[in-house]
Amino acid sequence: MNYFKGKNKEFSFRDLIYKALIFIGTVGVIVYFLPRDGKFNYQFDIDKPWKYGQLMATFDFPIYKDDQVVKKEQDSILASFQPYFQLDKSTGKEALKKLKNDYQTHLRDILPSSDYIRHIEKILSEVYRAGILSTEELARLHKDSTSAVMVIDDKLANQRSIDKLYSVKQAYAYLLTADTIHYRPNILRQCSLNEYLSPNLTYDARRTETAKEEILDNYSWANGIVLSGQKIIDRGEIVSRETYNILESLRKESIQRSESIGQKQLMLAGQILYVGIFILCFMLYLDLFRKDYYNRKGNLALLFTLIMFYCVVTAVMVTNNIFNVYIIPYAMLPVIIRVFLDSRTAFLTQVVTILICSICLRYPHEFILLQLTAGLVAIFSLRELSQRSQLFRTAILVILTYAAVYFAFELITENDLSKLNGSMYTYFVINGVLLLFTYPLLFLVEKTFGFTSNVTLVELSNINNSLLRRMSETVPGTFQHSMQVANLAAEAANRIGANSQLVRTGALYHDIGKMENPAFFTENQSGGVNPHKNLGYEQSAQVVIGHVTDGLKLAEKNNLPKVIKDFITTHHGRGKTKYFYISWKNEHPGEEPDNGSFTYPGPNPFSKEQAILMMADSVEAASRSLPEYTEESISNLVDKIIDSQVEEGYFRECPVTFKDIATVKAVFKEKLKTIYHTRISYPELKKQDL
């Protein structure tokens, strides 16, 4: 006893660790991808009503000037700004030195007198003292309407007018025309004076930018301040130009504050807390109301994988500004969960996912409104997915729901129909088209998480598939029996709220093992040949019991899903082959047989559908041996068989109630009477004494 307790404790501890890892992993992955840049989650325009509640300032912030005003004022300030140029004295010295050397070599022969060379030296010195700029640089200064520059000479900056500066071309012209009375230009041209002219003023970008920054640092970006606790705007008020500037200032300040390291850490902590609360609440829901899902790893994996997938995709699209999040088919999430699990869990998963995704968006209110409404419509329109046309209908309804709700939302918030956002309706159509991909994705989900959808069950129940067709040819009696059991079980499942498609498909395959030894089962025997006559009771029992193990082998070979295999193993449960067991006891009075030789391997049914199949299988088989089909005989047969199964404890491990069993009995009686066309028993005429 202590061993099992210890084992249970160990199992519970491992289970707790597994769920804790799921919680931490889900929260960690989602938060990792969530954007942490500043968001100002309000939409507003000038001369439009404020559509949110009262907005109060939660901190002091300046009222920034409008961008156009800022640009105009800064341009005005910079219009009188004087850029900085560095004066290079060595350029002039080198030019004069070259001039003297050239005079000694060849200019002496060109110039008529030494007065010319002294004149050239004088003008060159004058030009270099004033400053020479490149032609392009001077043209740029004139284009920028710069009237003066600051010339740095020996670390001292002096202001010089643009008009007093020379370009190389202007300096050359000045050399030729400075004194035309005493010095003839045609003689000066022969001296190649342009060789002695080079720019000695170079633009100092670093000093200029520093000076600009100093000027702009003193510029006032704000023209007022809003104090913490001050009302900014209330619902329904028109956004004026002044209020618009205040709201824009609040947006800028909020983003700037969020960019600090401390603010980012607070935002990260808030995101962890926010996501953690919702994931924890979802796990508590599963623990309290869906214990079967909570204890099955495949269910947990599916639910939390879907939540993480949608949250991560939304966060990545918002962070990287990829398309629009309204093209994401969020309604696919509840559809997938509804197909494999149930509607309530599907909707709650949708709620948790949408609320987490909404913190990525600037306008979360309309996002939540649209997605939850579309999710509800998707769940209601797709109770059981068995045909592709159902999914097409759901996609159309989801598109119409998106369009109708968004249109209503715009009518509430807009006062001009011409300003309706038409692009949103295009996103809704794309969303609906992507929703159609749910059908092929179901196959991937089935294989990944070990589920079986109604689509697969419908495909398996097609009697034209290879295994069922082979069954109809090899064991026609068993095939007809399976068809009758499927009809009985499906009707009963519908009445008690079980999965009718599941039990129908399970019923078609529950006896496939009989194909290995067809002649050993009475429904397939013909001509009065019974091979059991040559076998002992234990051997006959083992052959009959073997149809369960043979059925499992065939199921494995044909890749049948686990839920169908469970019907094969549980349709007899841990019951006995009563015919051979009782026959053996009758021949061996006072002796006890080897119970294992006459007992099916089981297990007993552990779901409503398996319990229904066990009852339907036994009742249908026994009904074939009735000597007459009357209302009374059928009723007694159904009561006797099912009551004995209850007494023997076959249904202790499945969630079936006495009320369910009573309903199943009533269905079987009704269906069997219809099948065998029962009529009332006519009273016999009593003989009268003469």
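This is a predicted model, so every value here is computed, not measured.
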With Arg296 via salt bridge (charged side-chain N to carboxylate O under 4.0 Å, His left out) - residues at least two apart: none

Non-neighbouring partners of Lys659 that pass salt bridge (charged side-chain N to carboxylate O under 4.0 Å, His left out), sequence neighbours left out: none

Ring pair (Phe, Tyr, Trp, His ring centres under 6.0 Å) against [X], all qualifying residues, sequence neighbours excluded:
X      : value
Tyr64  : none
Tyr650 : none
Tyr244 : Phe44
Tyr310 : Tyr330

Considering all heavy atoms, the nearest [X]-[Y] contact:
X      : Y      : answer
Gln501 : Ser461 : NE2-OG, 3.4 Å
Thr438 : Met332 : OG1-CG, 3.1 Å
Lys608 : Pro655 : CE-O, 3.2 Å

Results of side-chain hydrogen bond (donor to acceptor under 3.5 Å, both in side chains) for Thr26 - residues two or more places apart only: none

Pairs where residues 19-34 contributes a residue and the test salt bridge (Lys or Arg N to Asp or Glu O under 4.0 Å) is met, not counting sequence neighbours: Asp15-Lys19

Under-4.0 Å salt bridge between Asp287 and Lys291: yes

Does [X] have any side chain to side chain contact (heavy atoms under 4.5 Å, CB included) partners at least two apart in sequence or in another chain, and if so, which?
X      : answer
Phe347 : Val351, Leu376, Ile379
Leu348 : Phe282, Tyr285
Ala374 : Val398, Tyr402
Phe23  : Val27, Ile279, Leu280, Met283

Ring geometry between Phe428 and Tyr425 (parallel below 30°, tilted from 30 to 60°, perpendicular above 60°): perpendicular

Aromatic centroids of Tyr326 and Tyr427 separated by under 6.0 Å: no

Gap separating the CD1 atom of Ile63 from the CD atom of Glu248, nearest 0.5 angstrom: 13.0 Å

